[in-house]
Amino acid sequence: MTTNITTLALNLLVSERIGQRYVFADKIIALVQDAKDDAGQKKDFINVIHTCIENPSSDARNTLFELAQYYNEKINAA
């Protein structure tokens, strides 16, 4: 069974506890590291993830979800 990155991203955004947000972030990062993609884009995604860990209500949440969808499609197509 594959884990859906968009589901993890949504869970990260709705989690009330910061510790739980780190758990979801770690799972997302592990999945993204396996994707064949530009390292710069991965770094940008990881930066957005960390922004959302600290403040899930920030404007970065839209970017987080868009990148999660992108990587989810990329991983599932491979």
Side-chain angles (χ1 to χ4, degrees):
M1 183 175 120
T2 60
T3 303
N4 189 322
I5 294 177
T6 54
T7 302
L8 292 171
L10 288 173
N11 286 332
L12 185 152
L13 293 174
V14 300
S15 181
E16 293 181 9
R17 295 183 5 225
I18 194 165
Q20 193 64 36
R21 291 195 296 265
Y22 275 106
V23 170
F24 292 122
D26 288 342
K27 291 178 182 181
I28 294 169
I29 291 169
L31 291 169
V32 169
Q33 293 298 348
D34 292 338
K36 295 178 182 174
D37 200 12
D38 177 32
Q41 188 167 356
K42 286 181 186 178
K43 184 178 178 185
D44 292 342
F45 188 32
I46 292 169
N47 288 336
V48 169
I49 291 169
H50 286 292
T51 300
C52 289
I53 290 170
E54 296 300 321
N55 183 6
S57 299
S58 72
D59 291 338
R61 70 180 180 265
N62 292 332
T63 304
L64 173 72
F65 192 69
E66 289 171 11
L67 288 170
Q69 287 179 313
Y70 168 79
Y71 277 103
N72 194 57
E73 290 172 8
K74 190 167 199 62
I75 289 170
N76 288 333

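Computation of the quantities below employed the complete heavy-atom set of this structure, encompassing side-chain atoms and omitting hydrogens, waters and symmetry-equivalent molecules.
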(message) Does Ile29 form a side-chain contact (heavy atoms from CB on, under 4.5 Å) with His50? I'd like the steps, not just the answer.
(response) CA-CA 10 Å; Ile29 291 169; His50 286 292; 4.2 Å; yes
(request) Carefully, step by step, assess Leu64 and Phe45 under the rule side-chain contact (heavy atoms from CB on, under 4.5 Å). (result) CA-CA 7 Å; Leu64 173 72; Phe45 188 32; 3.6 Å; yes
(request) Would you sort out whether Asp34 and Ile75 count as a side-chain contact (heavy atoms from CB on, under 4.5 Å), showing the intermediate values? (result) CA-CA 8 Å; Asp34 292 338; Ile75 289 170; 5.9 Å; no
(request) Would you check, one step at a time, whether the test side-chain contact (heavy atoms from CB on, under 4.5 Å) holds for Asn4 with Asn76? (result) CA-CA 9 Å; Asn4 189 322; Asn76 288 333; 5.8 Å; no
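For the pair Tyr22/Ile53, a side-chain contact is recorded, criterion being any heavy-atom separation below 4.5 Å from C-beta on. Using a 4.5 Å heavy-atom cutoff, the side chains of Ile28 and Ile46 are not in contact. With contacts defined as side-chain heavy-atom distances shorter than 4.5 Å, the pair Leu67/Gln41 qualifies. Val14 has its side chain out of reach of Pro56: every pair of non-hydrogen atoms, C-beta onward, lies at least 4.5 Å apart. Using a 4.5 Å heavy-atom threshold, the side chains of Glu54 and Ile18 count as touching.
Minimum heavy-atom separation, Val32 to Lys42: O-CE, 3.4 Å. Contact detail for Ile5 and Asn72: the closest heavy-atom pair is N-OD1, 3.2 Å.
No more than 12 heavy-atom neighbours from other residues, nucleotides or ligands sit within 6.0 angstrom of CG on Asp59.
Considering CG of Leu31 and CG of Asp26, their distance stands at 11.0 Å, rounded to 0.5 Å.
Between the Arg21 side chain and the Leu12 main chain, no donor and acceptor come within less than 3.5 Å of each other.
At a threshold of 4.5 Å between side-chain heavy atoms, the hydrophobic network of Ile, Leu, Val, Met, Phe, Trp and Tyr places Tyr70 and Leu10 in two separate groups.
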